[in-house]
Amino acid sequence: MNAKAILWPQGRYNPGGITQVFYGYKEDFLSFPVLGDPETATMLESLVSYATAIIMKPTKQLFQLYCTVEQGEIKSTMVGPRDGKGYENMLEISFPGSEAEFLGFKAAAANRELIFFVKEKNSKVRVLGNLEDPAFFEADDSTSGKAIADGRTSKLTFKASGATPAPIYTPALTSLLAPAA
Amino acid sequence: MKKPLSFEEKYELVGVEPGIHDVAGFGKTDLTNLDVEEADHLYKAKFPFLKLKSKTTPETPKA
């Protein structure tokens, strides 16, 4: 892979934050394109971009996981020793209520392999987890609040480890939002 | 002796683009240059993206 200039065009919009979060159970996915390998790939983008569709099993689809505006984020942290660096990719969401459906989701997801698709405000879709390294429920910090001014929130954190930051999904997400044929 | 069919003559990829894919239950599989023997094994194992091409018989012109 040849080195190339990494530039930033003046004036490009770059709003921070995420807009929507979708999740699926790992066992509902049929296939993932394999990301490029730094030893053989020719484009930097191919190391972290899914350019062809991820496919779910028949009748399966992604579902939205609500997140309060400006209270969710996707983070990547480099970890590991020299010559063995990798990434811990984390998704944090904040959910406002204590509805039975939401508590049930937490119970169902607590010990399950998950995959998340997160829309960033810059229109990129990031993928947390894959068939080899799925995402796991890492933490749940929930409170009813003590006073009305405190609010009721659940801050959920999901983590997927991998060789790269959470990859970008470039095909349209719409095909994953309806039951697969 | 009948010549064995090539991959392109016998199979088609359905619902997936060529490339390397991690397929549930099959692992990482390169669908770019599958040969017919590999495809036969995958097809027998119910690989989800392989379809046998239907046999087409050339139309015989009516007299």
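What you see is a predicted model; the values in this text were computed from it and never measured. Convention: sequence-line order gives letters A, B, ...; per-chain numbering from 1.
- Sparse packing is recorded around CG of Asn111(A), with 12 or fewer heavy atoms of other residues, nucleotides or ligands lying under 6.0 Å away.
- Counted within 6.0 Å of NZ on Lys75(A), heavy atoms from surrounding residues, nucleotides or ligands total 12 or fewer; the atom is thus considered open.
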For residues 12-24 of chain A, dump all side-chain donor-acceptor pairs below 3.5 Å to protein atoms at least two apart in sequence or in another chain.
unit_1   : atom_1 : unit_2    : atom_2 : d
Thr19(A) : OG1    : Lys119(A) : O      : 3.4
Gln20(A) : OE1    : Lys119(A) : NZ     : 3.3

I would like to know whether Thr52(A) and His21(B) meet side-chain contact (heavy atoms from CB on, under 4.5 Å); could you show each step before the answer? CA-CA 10 Å; Thr52(A) 60; His21(B) 295 264; 3.7 Å; yes
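- Judged as a side-chain hydrogen bond (donor to acceptor under 3.5 Å, both in side chains), and not counting sequence neighbours, Arg152(A) has no contacts.
- Contacts between Glu27(A) and chain B at a heavy-atom distance below 4.5 Å are absent for every atom of the residue.
- Contact of Phe29(A) with chain B is made through the backbone alone, with heavy-atom distances under 4.5 Å.
- The cluster map of Ile, Leu, Val, Met, Phe, Trp and Tyr, joined by side-chain heavy atoms under 4.5 Å apart, puts Leu62(A) and Leu65(A) in different clusters.
- Heavy atoms of other residues, nucleotides or ligands lying less than 6.0 angstrom from NZ of Lys85(A) number more than 12.
- To the nearest 0.5 Å, the span separating CZ on Phe26(B) from CG on Leu30(A) amounts to 9.0 Å.
- For the atom pair OG of Ser31(A) and CD1 of Ile20(B), the computed distance is 13.0 Å after rounding to the nearest 0.5 Å.
- Summarising the geometry of Leu131(A) relative to Asp22(B), their closest heavy-atom pair is CD1-O, 3.1 Å, with the distance given to 0.1 Å.
- Looking at Phe49(B), the atoms closer than 4.5 Å to chain A (heavy atoms on both sides) all sit in the side chain, from C-beta outward.
- No part of Lys26(A) comes within reach of chain B, as not one of its non-hydrogen atoms sits under 4.5 angstrom from that chain.
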